[in-house]
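Step one of this worksheet: look at the structure below.
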Amino acid sequence: MLKYDILILGGGPSGLSTALHLVQTDPHLAPRILILEKAHYPRLKLCAGGLVIDAEIILERLGLDVREVPHVDVDSAHFDFAGKGLTIRVPKRHAIRVIRRNEFDSWLAQKTRETGIEIREGITVKNVIPEKDSVTVETDQGEFHAEMVIGSDGSNGVTRRSIFPNAPISTARVLEVITPVGQNAILSHKSKDAYFDFFPVPDNIAGYVWDFPTQINGEAMRCWGIYDTNLLADGARPALKEPLAEEMARHGFNLNDYEVKGHPIRWYNPQNQISAPRVLLVGDAAGADPIFGEGISIALGYGAIAAREISESFRRNEFSFSRYRRRLARSGLGQTLYVRWFITHIIYPIKWKWFQILLWRIVKPIVLILAWIFVLNWSKRIK
Ligand SMILES: Cc1cc2nc3c(=O)[nH]c(=O)nc-3n(C[C@H](O)[C@H](O)[C@H](O)COP(=O)(O)OP(=O)(O)OC[C@H]3O[C@@H](n4cnc5c(N)ncnc54)[C@H](O)[C@@H]3O)c2cc1C
């Protein structure tokens with residue numbers, strides 16, 4: 001029976017970051033790690049691909065330069081209510097960098113392989129069974145056994161569902177559309193800016209509509225979408241297509257001319273269970289940012305925290321992972337997730353138009369300071 005020390009289930013940013021952080025501190029672990037990924041790189045992943053500064057800081061610490069991946073730099077990010085609001089610019093750099101996930105994840109997987117870690121593609125995990133002395137992972141290609149398992153298989157992940165089948169879940173609904181740039185969009189929007197508009201909140205959609213510049217195979221495109229935490233759903237979920245269509249129509253696009261794709265995002269809730277003996281969850285499996293559904297930097301951050309927990313567990317030869325929750329809570333990542341969860345429960349349930357106008361247009365300096373302290377720059381505190 002072939003037994004690995006560490007099986008990482010899912011080769012997205014959280015799983016790959018866990019692997020990269022592990023070998024950064026303990027290079028001898030490389031041959032003892034196996035990553036199982038159900039797809040083949042470069043695989044499609046529905047995502048707008050907006051990287052905030054924290055993602056880049058974490059990658060830089062791993063010695064990685066994301067500029068190697070095709071990208072678009074966003075000059076300013078606008079946070080609006082019905083077309084007016086506050087603007088974020090970062091002095092001497094871009095506000096957000098936009099990548100395509102097929103290219104980014106494939107690049108990160110290649111960097112992971114270069115450290116000597118094996119990734120097996122085209123293997124789908126079906127079930128995860130923790131036992132006293134090991135974990136059994138059932139896949140469509142037979143069983144694997146390991147000392148421990150990292151569940152990095154995303155919002156719908158099998159790992160979480162196997163370990164905590166009855167746990168409550170907080171999940172956002174998200175739709176995304178890719179369009180050409182379009183002449184009207186250029187006239188009505190600055191082509192290198194990103195827009196987040198919270199106009200759907202009074203209509204019980206606890207989220208926003210977005211519009212980003214992006215590129216596909218080097219051609220400039222725009223990525224549109226709508227995010228709803230479901231906090232205001234209250235049984236009847238408002239349709240998401242209408243507000244998205246409304247926003248796109250304002251810029252000269254007909255939603256019906258394009259393919260609309262949807263995917264859930266599991267968001268962080270302090271009650272989420274994130275570990276069991278011999279099993280750790282990272283990335284969306286543990287919970288992404290609830291305010292925006294921003295999860296790439298968060299996934300990379302979980303990798304850093306999980307790697308530290310795993311290294312210590314090996315040193316102690318004890319795999320209960322009972323310290324993982326506390327370790328996360330004390331880190332910059334845990335703090336930003338908690339604050340974002342708290343803010344989510346203020347800015348969306350107070351859904352009246354006057355409050356949204358006050359928030360995004362009138363108390364701008366306060367919102368900017370809070371965002372700078374609590375939403376951004378957390379990666380500096382995960383060392
Ligand atoms: C429409 C949309 C737009 C978004 N836009 C942004 C954005 O602009 N910026 C941002 O920061 N975040 C964004 N997000 C969130 C972001 O995509 C996620 O938070 C991020 O991908 C989480 O990374 P992860 O590694 O945890 O999971 P994933 O990226 O989902 O990776 C999980 C991996 O596990 C594999 N896998 C799944 N099940 C199995 C299985 N059974 N067996 C083997 N392998 C398996 C999958 O193939 C995948 O490779 C967006 C999400 C959506 C849905």
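For reference, positions follow the sequence shown, starting with 1.
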Exercise for review: Share the residues that join Leu44 in a hydrophobic cluster, the rule being Ile, Leu, Val, Met, Phe, Trp or Tyr side chains under 4.5 Å apart at the heavy-atom level.
Suggested key: none
Study note, to complete from the structure: The complete set of ring pair (Phe, Tyr, Trp, His ring centres under 6.0 Å) pairs with one or both residues in residues 308-337, sequence neighbours excluded, reads Phe314-Phe319
Solution key, residues 276-287 side-chain donor-acceptor pairs under 3.5 Å, sequence neighbours excluded:
{"residue": "Arg278", "atom": "NE", "partner": "Lys132", "partner atom": "O", "Å": "3.0"}
{"residue": "Arg278", "atom": "NH1", "partner": "Glu147", "partner atom": "O", "Å": "2.8"}
{"residue": "Arg278", "atom": "NH1", "partner": "Glu147", "partner atom": "OE1", "Å": "2.9"}
{"residue": "Arg278", "atom": "NH2", "partner": "Lys132", "partner atom": "O", "Å": "3.3"}
{"residue": "Asp284", "atom": "OD2", "partner": "Ser155", "partner atom": "OG", "Å": "3.0"}

**Study point:** Partners meeting salt bridge (charged side-chain N to carboxylate O under 4.0 Å, His left out) with Arg361 (sequence neighbours left out)
**Key:** none
Check your understanding: Any side-chain donor-acceptor pair under 3.5 Å between Ser17 and His21?
Key -> yes
**Study point:** Set of residues satisfying ring pair (Phe, Tyr, Trp, His ring centres under 6.0 Å) with respect to Phe79, sequence neighbours excluded
**Key:** Phe196, Phe292
Please tabulate, for the side chains in residues 69-76, all donor-acceptor contacts under 3.5 angstrom to protein atoms that are two or more places apart in sequence or on a different chain.
{"residue": "His71", "atom": "ND1", "partner": "Val69", "partner atom": "O", "Å": "2.8"}
{"residue": "Asp73", "atom": "OD1", "partner": "Arg97", "partner atom": "NE", "Å": "2.8"}
{"residue": "Asp73", "atom": "OD1", "partner": "Arg97", "partner atom": "NH2", "Å": "3.4"}
{"residue": "Asp73", "atom": "OD2", "partner": "Arg97", "partner atom": "NH2", "Å": "3.3"}
{"residue": "Ser76", "atom": "OG", "partner": "Arg89", "partner atom": "NE", "Å": "3.1"}

Check your understanding: Does Trp378 have any ring pair (Phe, Tyr, Trp, His ring centres under 6.0 Å) partners at least two apart in sequence or in another chain, and if so, which?
Key -> none
Check your understanding: Residues in side chain to side chain contact (heavy atoms under 4.5 Å, CB included) with Ala39, at least two apart?
Key -> Glu37, Arg43
Practice item. Report the residues that fulfil ring pair (Phe, Tyr, Trp, His ring centres under 6.0 Å) with Trp107, sequence neighbours left out, ordered by chain and then residue number. Key: Phe104
Check your understanding: Which other residues belong to the hydrophobic cluster containing Ile216, where Ile, Leu, Val, Met, Phe, Trp and Tyr are joined when side-chain heavy atoms lie under 4.5 Å apart, directly or via other members?
Key -> Ile178, Met221
Please tabulate, for the side chains in residues 348-355, all donor-acceptor contacts under 3.5 angstrom to protein atoms that are two or more places apart in sequence or on a different chain.
{"residue": "Tyr348", "atom": "OH", "partner": "Ile291", "partner atom": "O", "Å": "2.8"}
{"residue": "Lys351", "atom": "NZ", "partner": "Asn204", "partner atom": "OD1", "Å": "2.6"}

Revision key, fill the gap. Residue pairs meeting ring pair (Phe, Tyr, Trp, His ring centres under 6.0 Å), one or both in residues 24-61, sequence neighbours left out, come to none
